[in-house]
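Quick notes on the structure that follows.
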Amino acid sequence: MRIAVLLTTFNRREKTLRCLSALQSQSLPPGADLSVFLTDDQSADGTAAAVGKAFPQTTLYEGTGSLFWAGGMRHTWRMAMKTEPDFFLLLNDDTTLFSDAVSSLLAVAQKKPGAICIGSTRDESSGLLSYGGWKITASKRWQSEKVFSSTDILSCDFANANIMLVPAEVARINGVLSDRFTHALADYDYCLRAKRNGINVVLAPGFQGSCTDDHQVNWVSAGSPLVERIKYLHSPKGLNYTEYLWFIRTYFPLSYPAAFLKLWLKTLLPVIWDRFKKMPGISVAG
């Protein structure tokens, strides 16, 4: 079993080195072989040089400097496809795999052939679930909840690609991450598109690694100038206006009016989120 590990990096040298070190320390089943492919998007902190020195067996590619996460992963994936592996393992460079992570994913892949297999991560500080699989809880609406089991393989609808094992036959049907996405949502889209193509998405039991959830506040405070809030509205790392609305319209059309309104409220009236998001007992969705 040949597994192509796919990563993209930008100015996270120490996290990237830690990720690769954990990857190198995997306890693999007999016959399993890992090949690492990494696109460094012109990091200014010496990530590429450090990786080349510490892990010379890694296949390194240089990005354009503006690939972001989805673009960098697409480039890595397309290059790695030329080696014709049996599996592709999408891995975030801020994720530290546990020593049996790849083995546990492969065990699930044997039980669920032809399925995308997701690994869960826990926060290093709290020990709580940080990234993994999600189930949709309302038809055609953007409502979902995280799923997790320490013992059972679970079905899910979409997932974070912090740890995502994709069989080669799935990639032949589903392709790589969509060109529609610059940074975020590409992993969600990949899973939802796979489900439409009749491909199962399953969640491996237990935790396969650790990763801190760094997606907290997703608006710019009312104290910031309007020009900054408009910039954030359209930023790939901000509210990602065009791509987000395409995603909602495509998969959750009944939520489109509310999603459109919410993006503009966050931009024009962020005081609502500043004031009420932090108050106990009051929830503002999104």
Side-chain angles (χ1 to χ4, degrees), residues 1-6 32 69-71 73-92 101-121 131-149 151-181 184-206 208 243-256 259:
M1 288 181 292
R2 294 179 300 119
I3 305 156
V5 184
L6 314 179
W69 180 80
M73 291 299 286
R74 272 194 302 272
H75 182 261
T76 304
W77 200 338
R78 285 169 176 155
M79 298 300 288
M81 289 183 87
K82 299 175 183 179
T83 66
E84 299 183 348
D86 301 299
F87 292 93
F88 298 96
L89 176 60
L90 282 68
L91 182 63
N92 267 24
V102 175
S103 293
S104 65
L105 292 172
L106 290 173
V108 172
Q110 289 183 332
K111 295 178 181 178
K112 302 289 184 178
I116 296 172
C117 183
I118 307 301
S120 298
T121 64
Y131 296 102
W134 298 75
K135 285 287 286 186
I136 297 170
T137 58
S139 176
K140 297 184 180 181
R141 292 186 183 276
W142 185 221
Q143 296 178 20
S144 59
E145 61 184 11
K146 289 181 179 179
V147 292
F148 178 81
S149 172
T151 56
D152 299 324
I153 299 172
L154 300 179
S155 174
C156 53
D157 295 309
F158 61 92
N160 305 109
N162 293 64
I163 308 172
M164 179 185 287
L165 185 69
V166 180
E169 61 266 30
V170 168
R172 284 192 287 270
I173 298 169
N174 215 46
V176 301
L177 300 178
S178 172
D179 289 322
R180 287 187 176 274
F181 300 97
L185 296 175
D187 46 2
Y188 288 5
D189 167 79
Y190 193 81
C191 294
L192 291 167
R193 184 156 40 93
K195 297 277 283 191
R196 288 186 172 185
N197 286 330
I199 298 165
N200 291 325
V201 182
V202 299
L203 183 71
Q208 282 68 49
E243 296 176 14
Y244 178 73
L245 287 180
W246 182 91
F247 175 84
I248 295 296
R249 183 173 63 249
T250 300
Y251 296 109
F252 307 102
L254 294 182
S255 291
Y256 185 87

## Note on the structure
Note: Phe247 and Asp189 closest approach over all heavy atoms is CE1-N, 4.0 Å
#### Entry: Atom pair CG/CG of Leu165 and Asp86 - distance to nearest 0.5 Å
10.5 Å
### Query
Quick one: ring pair (Phe, Tyr, Trp, His ring centres under 6.0 Å) partners of Phe87, sequence neighbours excluded?
none
### Reported CD1-to-SG distance for the pair Ile136 and Cys156, which is rounded to 0.5 angstrom
10.0 Å
Would you tabulate the side-chain donor-acceptor contacts of residues 196-206 under 3.5 Å, counting partners in other chains and residues two or more places apart, or write 'none'?
residue, atom, partner, partner atom, Å
Arg196, NH2, Thr250, O, 2.8
Asn197, ND2, Asn174, OD1, 2.8
Asn197, ND2, Arg193, O, 3.3

### Query
What do the steps show when you test Phe88 against Val5 for side chain to side chain contact (heavy atoms under 4.5 Å, CB included), and what is the final call?
CA-CA 6 Å; Phe88 298 96; Val5 184; over 6 Å; no
### Task
Heavy atoms only: give me the nearest Cys191-Asp157 pair and the separation to one decimal.
CB-O, 3.7 Å
### Message
As an exercise, state the distance from OG of Ser120 to CD1 of Ile163, rounded to the nearest 0.5 Å.
### Response
7.5 Å
### Between Asp187 and Trp69: side-chain donor-acceptor atoms closer than 3.5 Å
no
### Message
For Trp134 and Lys146: C-alpha separation, side-chain torsions, deciding distance, then whether side chain to side chain contact (heavy atoms under 4.5 Å, CB included) applies.
### Response
CA-CA 4 Å; Trp134 298 75; Lys146 289 181 179 179; 3.4 Å; yes
### Message
Using 0.5 Å steps for rounding, measure from the NZ atom of Lys135 to the CZ atom of Phe158.
### Response
10.5 Å
### Query
Aromatic ring centroids of Trp77 and Tyr190 under 6.0 Å?
yes
### Message
Looking at every heavy atom in both Gly133 and Ile118, which two are closest together, and how far apart are they?
### Response
N-CG2, 4.2 Å
### Task
In sequence, state the C-alpha distance, the side-chain angles, and the governing distance for Thr121 and Asn92, and then conclude on side chain to side chain contact (heavy atoms under 4.5 Å, CB included).
CA-CA 11 Å; Thr121 64; Asn92 267 24; over 6 Å; no
### NZ (Lys112) with more than 12 external heavy atoms under 6.0 Å
no
### Query
So, Arg180 side chain and Glu243 main chain: donor-acceptor pair closer than 3.5 Å or not?
no
### Task
Find the distance between SG (Cys117) and CE (Met164) and round it off to the nearest 0.5 Å.
10.0 Å
#### Entry: Non-hydrogen atoms of Leu177 and Ala70 that approach each other most closely
CD1-O, 4.3 Å
### Message
Within this structure, what is the CG-OG distance for the pair Leu192 and Ser178, rounded to the nearest 0.5 Å?
### Response
12.0 Å
### Message
Holding to salt bridge (charged side-chain N to carboxylate O under 4.0 Å, His left out), I want the full list of residues that pass it with Asp179, two or more places apart in sequence or in another chain.
### Response
Arg74, Arg78
### Query
Is the Trp246-Phe181 ring centre distance short of 6.0 angstrom?
yes
## Note on the structure
For Ala4 and Ala80 the tightest heavy-atom approach is CB-CB, 4.2 Å
### Least distance between heavy atoms, Leu6 atom then Met73 atom
O-CE, 3.4 Å
